[in-house]
Each structure stands twice: as C-alpha cells, then as structure tokens.
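Since the structure is predicted, the reported quantities are computational estimates derived from the model, not experimental observations.
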Amino acid sequence: MSEVELIGPVVIRSPNWLGDSIMSMPAIRNVRKKFPQIKLTVATPDKLVDLWKLCPFIDEVISIPTPAKIFQVAQIYKAHRFATAILLPQSLRVALEARLAGIPQIIGYQGHFRSLLLHVAIPEPSLNWHRRHHQFYYHDLVKHLGVEENLEFPELDIPEANEVLNQIVICPGAEYGPAKRWPAEKYGILAQMLKELIDTNIVILGTPQDRPLGEIIRKYVPDAQNRCGETSLYEFMHEVARSRLVVCNDSGAMHVASLLGVPTVAIFGSTDPEHTKPLGSRVRIVHKHVPCSPCFLKECPIDFACMNQIEPDDIIQALQE
C-alpha cells in the first residue's frame with residue numbers, strides 16, 4: 001500500500017482501555033513528529049481524559065461520554081470539522097461514528113465488517129502479529145502515513161510527586177476479568193510480609209468493583225488504606241507517582257506505574273508478558289509457565305494454576321531485584 005496523504009485537522013480515536021492507550025502513545029507521538037503543523041486531537045472515553053492530557057504532543061483532547069449513542073458521538077466529531085480520522089480501536093461502532101460525522105478521510109484496520117465505512121482500509125497485521133508486543137499493532141497502522149517507527153516512550157507532563165512517601169501501592173484488580181487477578185488472599189499475605197520487612201504503609205487502589213478485594217487484603221493488614229473507587233484517574237496517577245513500589249496484575253494500573261517510572265512488580269497469569277508487558281524499564285514480571293497459559297480467557301475453567309502457583313515469596317524476590 002502506498003503512503004497515505006494526511007490532511008488536517010486530524011482526530012485520533014484512542015483505545016478504550018487504559019493500558020492499551022498507554023501502549024499507543026509512542027505511535028501517536030510519531031504521527032505528531034511527521035506532521036508537526038497539523039492540528040492533532042485525541043478523542044477518548046471520558047474515563048481516560050486525564051491520561052491524554054499528559055501528552056504535550058496533543059493539541060486537544062475531546063471526551064466521549066460513557067455511555068453515548070452513536071449519533072451523539074458523530075455530532076461531537078461533526079462540531080470539530082475534522083478532515084481525517086485515524087481509528088485505533090477495531091470495532092464496527094467506532095467506524096460508524098466517524099462515517100456518520102461526515103469525516104472526509106477515515107483510516108483504520110479493515111475487518112469487523114467495517115471496510116466499506118473506511119476510506120483507507122489497512123490490511124490487518126499478519127497472523128503472527130500477536131507474537132509481538134501490542135504496541136506494534138498501533139505502529140503498523142500509522143506506518144502507512146510514512147511515520148518513523150520510534151519505540152521510545154514520549155516525554156509526558158507527569159503529575160508532580162513533591163515527595164516519595166513510605167507507601168507501597170497494591171492494585172489487586174484487572175478490569176478484563178478474574179483470570180488476570182492474583183488471589184486477594186495472597187495479596188493479603190504479601191502485604192503482611194511487606195509490613196514486617198520494611199515497615200511501610202499499604203495503600204490499595206482500584207475501581208469501585210475492586211473494593212471487596214481490598215477488604216480481603218485488609219483482613220491481613222487492618223491498617224491498610226482501601227481507596228478502591230475513591231480516586232479519579234488523575235488522583236490515582238498522583239498517588240502512584242509518589243509511592244516506593246507498585247504491585248499489580250496485568251492491568252491498566254501496571255502500565256500507569258511503568259509510565260510514571262515507579263518500580264513495579266507485575267503478576268501475569270492468563271496473558272502473555274511478551275504481548276502486553278509494560279514499556280518502562282523499572283519493572284519485574286512474575287509469571288509461572290504452565291501448559292495452558294496463556295489462554296487469554298476472562299475466567300479460568302479449570303484449576304487456575306497460572307496464578308495459584310505464584311506465591312508471595314516470588315513477589316518478594318522480584319521486589320528485592
């Protein structure tokens with residue numbers, strides 16, 4: 001396929017997931033470097049607006065309400081008079097929203113019965129693309145614009161942490177499903193061990209749905225702070241930025257901690273670290289190789305061996321590294 005000519009103003013529709021959005025940032029930064037004069041806007045679900053506001057290479061961030069009807073999103077696009085839309089999510093709905101807005105040039109991966117809605121339908125990556133890190137999924141799309149494939153993480157306007165507190169953050173949740181969550185009871189035992197080893201404060205962060213997991217952890221460490229569901233995304237990032245360490249599952253929290261440069265121990269079970277590991281350097285992965293992993297299922301149908309074989313001592317060893 002020949003190089004696509006980009007006309008502005010441009011809207012890039014971000015991924016819907018926190019971790020995926022972070023993994024897409026280098027590709028979007030590369031679009032900016034290739035086209036420095038074009039106005040570049042990111043359209044994102046309202047829950048992710050605070051994340052994209054960290055990006056100095058974005059001219060504007062527009063919020064997509066959750067939930068929102070297709071025609072409502074189309075009207076938001078139409079009001080901005082975009083000339084080009086680059087669609088990072090691969091859903092039919094996202095393509096239909098851009099088409100109903102009358103955007104003259106819509107670029108995205110074909111598939112999901114949406115090729116006729118796109119003006120530039122990029123062939124999906126080859127069948128072995130899932131063997132590569134997920135960030136390449138976004139690079140492979142924008143490379144058709146002639147952009148440089150620079151994998152370095154972009155400089156961001158990170159929330160300031162005036163001081164690093166004597167606290168360790170535990171994020172026991174994973175929005176995708178239970179198969180990505182190390183058992184809360186083991187997090188509780190780990191929290192006990194951390195308190196004994198380094199006399200630190202334990203702060204539990206996550207969504208409102210994670211609050212019961214936090215309460216299980218507090219049975220082991222009663223003075224732990226269960227703040228699940230109590231922070232905005234910006235507040236979450238600020239809390240993580242001033243922590244000594246983050247322990248979490250393969251989740252958006254893992255990518256945020258890595259993004260902020262905070263030492264992170266990430267626990268993988270049903271998913272593949274080579275596919276979605278954080279892009280930062282201050283990360284240790286804990287992963288047990290079992291015959292059925294990675295399965296990428298939301299719930300384990302058998303014995304949950306990939307997670308049950310991981311013990312708190314494994315996390316302590318990774319932490320000491």
Minimum heavy-atom separation for Q209 and P212, please, with both atom names. O-CD, 3.4 Å

One thing to verify: whether R181 and D210 come together as a salt bridge, which I'm taking to mean a side-chain N less than 4.0 angstrom from a carboxylate O. no

D223 and K195 ion-paired at < 4.0 Å: yes

Using a 6.0 Å cut-off, check whether atom NZ of K53 has over 12 heavy atoms from anything other than its own residue. no

Locate the shortest heavy-atom distance separating A179 from F304; write the atom from each residue and the value. O-CE1, 3.5 Å

Measure the acute angle between the ring planes of Y137 and H134, then classify it against the limits of 30° and 60° as parallel, tilted or perpendicular. parallel

Yes or no on side-chain contact (heavy atoms from CB on, under 4.5 Å) for K34 and L145, after CA distance, side-chain angles and deciding distance? CA-CA 9 Å; K34 172 71 175 180; L145 304 172; 5.7 Å; no

Minimum heavy-atom separation for I38 and G8, please, with both atom names. CG2-CA, 3.7 Å

Residue pair M307 / P183: nearest heavy atoms and the distance that separates them: CB-CD, 4.2 Å

Grab the two heavy atoms, one from L190 and one from P312, that are nearest each other, plus how far apart they are. CD1-O, 4.0 Å

Would you call the rings of H139 and F136 parallel, tilted or perpendicular, where under 30° means parallel and over 60° means perpendicular? tilted

So do F268 and T276 actually touch side chain to side chain, heavy atoms under 4.5 Å? yes

If you count the non-hydrogen atoms of other residues, nucleotides and ligands that lie under 6.0 Å from CZ in F71, is the total more than 12? no

